[in-house]
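Working notes for the structure below.
The first residue of the sequence shown is numbered 1, and numbering continues consecutively from there.
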Amino acid sequence: MTKKRVGKDVESIRRLNVAVTLLSGGIRPTNVEAVTRLPKVTLSELWREMYGRPAKGQTPTFAYTFMRSMDMNKGCSLFATLYKNIAGNVTGDTTSLEDVEIFIRSYERYLNMAGSGAVLSMEQAYYVWRDLRKGFIQLRPCNRCGAAYLYSAHYEATGYVRQCQYCITLGRVRRRVMRIPKKDPHVAMFSPKKSEDVSQ
Ligand SMILES: [Zn+2]
């Protein structure tokens with residue numbers, strides 16, 4: 001077997017492995033075809049084998065359509081930050097096999113970091129990844145708390161994709177702390193007068 005042939009075979013196996021990972025993460029054959037360039041027929045067959053039915057139902061047009069809660073926005077922002085940490089500022093429509101492998105690695109890191117609080121499916125992460133590359137959503141650094149958050153200027157995007165959700169969380173925590181009454185029994189227990197009493 002020639003060196004060139006072996007290289008081609010390895011490339012095919014890599015491509016197929018990537019496709020199987022994406023399909024088992026719930027990413028539709030049409031989207032997997034777009035990034036792996038494997039025949040749609042093969043991918044649809046694999047999907048049917050995995051799920052016992054053809055891939056049906058509507059897919060979101062843009063990632064911001066499902067970013068409709070604080071937790072979801074924070075999850076998407078965390079995933080996008082992890083992806084950018086590995087890939088840098090990658091933009092554009094064309095994806096190499098390596099780009100897709102970086103996407104998978106970033107999603108695995110997201111699952112590790114988020115643990116039981118993970119809210120983002122691989123399919124949703126795919127749309128975040130795609131739209132981030134196309135510039136439909138941007139990762140912005142917050143000049144108040146320093147975190148990076150996903151932002152979209154589109155008129156259909158909700159308030160959750162317009163401002164830093166970490167700042168909103170911090171604001172809520174601050175307001176909750178300020179509402180604690182000053183004469184809290186736990187605070188009184190550790191007051192200097194009380195400790196003097198104990199030492200006597
Ligand atoms: Zn912030």
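Taking both residues in full, the closest heavy atoms of R130 and P60 are given as NH2-O, 4.2 Å, listed atom of the first, atom of the second, then distance. The nearest pair of heavy atoms linking L120 to G75 is CD2-O, 3.9 Å. When all heavy atoms of C167 and R144 are compared, the pair lying nearest together is SG-CB, 3.8 Å. In this structure, D131 and A63 approach most closely via the heavy-atom pair OD2-N, 2.6 Å. Annotation for V20 and M50: closest pair O-CE, 3.7 Å, computed over non-hydrogen atoms. Listed here is the closest heavy atom pair of A148 and Y166: O-CE1, 3.9 Å.
With respect to E101 and R105, no salt bridge is recorded, no charged nitrogen being found less than 4.0 Å from a carboxylate O. Taking 4.0 Å as the cut-off between side-chain N and carboxylate O, R28 and E123 count as a salt-bridged pair.
A continuous path of Ile, Leu, Val, Met, Phe, Trp and Tyr side chains, each step under 4.5 Å between heavy atoms, connects Y83 with Y107, placing both in one hydrophobic cluster. Under the 4.5 Å side-chain heavy-atom criterion for ILVMFWY residues, a single connected hydrophobic cluster contains both L78 and V119. In the hydrophobic clustering of ILVMFWY residues, with side-chain heavy atoms under 4.5 Å counting as a link, M122 and L43 come out together. By the criterion of side-chain heavy atoms lying less than 4.5 angstrom apart, applied directly or through intervening Ile, Leu, Val, Met, Phe, Trp or Tyr residues, F136 is grouped together with L139 in one hydrophobic cluster. Residues L82 and Y149 fall into different hydrophobic clusters, defined by Ile, Leu, Val, Met, Phe, Trp and Tyr side chains chained together at heavy-atom separations under 4.5 Å.
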**Prompt:** What's the verdict on side-chain hydrogen bond (donor to acceptor under 3.5 Å, both in side chains) for S77 and N73, showing C-alpha distance, side-chain angles and the deciding distance?
**Reply:** CA-CA 6 Å; S77 299; N73 186 289; 3.3 Å; yes
**Prompt:** Taking it one step at a time, do D71 and Q165 satisfy side chain to side chain contact (heavy atoms under 4.5 Å, CB included)?
**Reply:** CA-CA 9 Å; D71 283 345; Q165 296 301 306; over 6 Å; no
**Request:** Please assess N31 against Y127 for the test side chain to side chain contact (heavy atoms under 4.5 Å, CB included), listing each intermediate value before the final yes or no.
**Result:** CA-CA 10 Å; N31 291 326; Y127 293 112; 3.0 Å; yes
**Asked** Taking it one step at a time, do W129 and V100 satisfy side chain to side chain contact (heavy atoms under 4.5 Å, CB included)?
**Response** CA-CA 10 Å; W129 173 60; V100 193; 4.2 Å; yes
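Of the N and O atoms on the side chains of D99 and S96, at least one donor lies less than 3.5 Å from an acceptor on the other residue. When only modelled atom types and interatomic distance are considered, T81 and N85 share no side-chain donor-acceptor pair under 3.5 Å. Between the side chains of K74 and T169, at least one donor N or O lies within less than 3.5 Å of an accepting N or O.
Taking the six-membered ring for Trp and the full ring otherwise, the centers of H154 and Y64 sit less than 6.0 Å from each other.
Although no hydrogens or angles enter the test, the distance criterion places a donor-acceptor pair under 3.5 Å between the side chain of R162 and the main chain of S152. The main-chain N or O of V41 is never found under 3.5 Å from a side-chain atom of S44 such that the two would form a donor-acceptor pair.
Within 6.0 Å of CD on E98 lie no more than 12 heavy atoms contributed by other residues, nucleotides or ligands. Counting non-hydrogen atoms of other residues, nucleotides and ligands closer than 6.0 Å to CZ of R15 gives a total above 12. In the displayed structure, M113 atom CE is contacted under 6.0 Å by at most 12 heavy atoms of other residues, nucleotides or ligands.
Classified by interplanar angle (parallel below 30°, tilted 30° to 60°, perpendicular above 60°), the ring pair W47/Y51 is tilted.
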